[in-house]
Amino acid sequence: MKRAMTAAAAACILATGFAGTGVSASPVAPGDVVFEDGAVAASLTGMPGDPVAGAEIYAEKSVGNCVSCHAVSTLPDVQFPGNIGPALDGAADRYSEAQLRGIVTNAKMTFDGSMMPSFYKVTGFIRPGIGFTSKPIAPEDITPLLTPEQIEDVVAFLMTLKEQ
């Protein structure tokens, strides 16, 4: 009986949010992300990210493609790291988790004019047409470049990057 009540209580907490924290069990939609001075304090998923998965997203050119602009010494096997953006060694010492989440979500909210893509944005584009075609408008809703889970994973990875 005690276990059944515990499971029921857990289901209730998941359905209504995490025990008074105000964190919802469902991911935050791109248009509902709250930025404060470029930072995003609340997790987009309500759960901590996986730093190992975040490193994979960071290094995979077909997913996050972060490595094309940012070098990281903890990933020495990644070929051809870029140098357009700053090296991210020590990023966790320079930025808080909320600031890193804001930068990964939409760097333009922190760094006006940044070349970094907005990884969790679906509106406000100048002309979101189909690349290299004559069609002027995207045929369906635009999906973000990364999912909320992927963003939390990348943030978790970046939080491991401390000065040596």
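Nothing fancy with the numbering, it's 1 onward along the sequence.
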Undergrad: Drop me the distance from C66's SG to F119's CZ, to the nearest 0.5 angstrom.
TA: 5.0 Å

Undergrad: Verify the cluster assignment for L100 and V63: are they in a single hydrophobic cluster under the rule of side-chain heavy atoms below 4.5 Å apart?
TA: yes

Undergrad: Give, for atom OG1 of T74 and atom NZ of K162, the distance between the pair rounded to the nearest 0.5 Å.
TA: 13.5 Å

Undergrad: Let me confirm one number: the CD-CD distance from E36 to Q99, rounded to the nearest 0.5 Å.
TA: 11.0 Å

Undergrad: Between Q150 (side chain) and T147 (backbone), is there a donor-acceptor pair under 3.5 Å?
TA: yes

Undergrad: State which residues pass side chain to side chain contact (heavy atoms under 4.5 Å, CB included) with A71; sequence neighbours excluded, sorted by chain then number.
TA: P81

Undergrad: With side chain to side chain contact (heavy atoms under 4.5 Å, CB included) as the test, pick out the partner of I103 among V154, T110, V40.
TA: T110

Undergrad: Does M109 share a hydrophobic cluster with V122, counting links as ILVMFWY side-chain heavy atoms below 4.5 Å and allowing steps through other members?
TA: no

Undergrad: Can you tell me how far NZ of K121 sits from OG1 of T143, rounded to the nearest 0.5 angstrom?
TA: 14.5 Å

Undergrad: Residues in side chain to side chain contact (heavy atoms under 4.5 Å, CB included) with A53, at least two apart?
TA: D50, D153

Undergrad: Identify the two heavy atoms, one from E163 and one from G90, that lie closest to each other, and give their separation to 0.1 Å.
TA: OE2-CA, 3.3 Å

Undergrad: Using every non-hydrogen atom in the two residues, find where D89 and R94 come nearest and quote the distance to one decimal.
TA: O-NH1, 2.8 Å

Undergrad: Mind telling me whether F111 and Y95 have parallel, tilted or perpendicular rings, with 30° and 60° as the class edges?
TA: perpendicular

Undergrad: Using atom types as modelled and distance alone, determine if a side-chain donor or acceptor of S118 lies under 3.5 Å from a backbone N or O of Y120.
TA: no

Undergrad: For residues L44 and P148, report the shortest heavy-atom separation together with the two atoms involved.
TA: CB-CB, 3.8 Å

Undergrad: If you round to the nearest 0.5 Å, how far is CG of N106 from CD1 of I151?
TA: 9.5 Å

Undergrad: Can you hop from L75 to L161 via hydrophobic side chains spaced under 4.5 Å?
TA: yes

Undergrad: Measuring from S68:OG to I84:CD1, what's the distance to the nearest 0.5 Å?
TA: 8.0 Å

Undergrad: Which pairs, with at least one residue in residues 64-91 and sequence neighbours excluded, count as a ring pair (Phe, Tyr, Trp, His ring centres under 6.0 Å)?
TA: none

Undergrad: Can you see which heavy atom on P30 is nearest to which on P144, and at what distance?
TA: CG-CG, 3.9 Å

Undergrad: With heavy-atom distances below 4.5 Å as the criterion, would you say the side chains of V67 and V72 are in contact?
TA: no

Undergrad: Counting only N and O atoms by type, is there a donor-acceptor contact under 3.5 Å from the side chain of K108 to the main-chain atoms of M116?
TA: yes

Undergrad: Less than 4.5 Å apart, any side-chain heavy atom of F35 and any of T105?
TA: yes

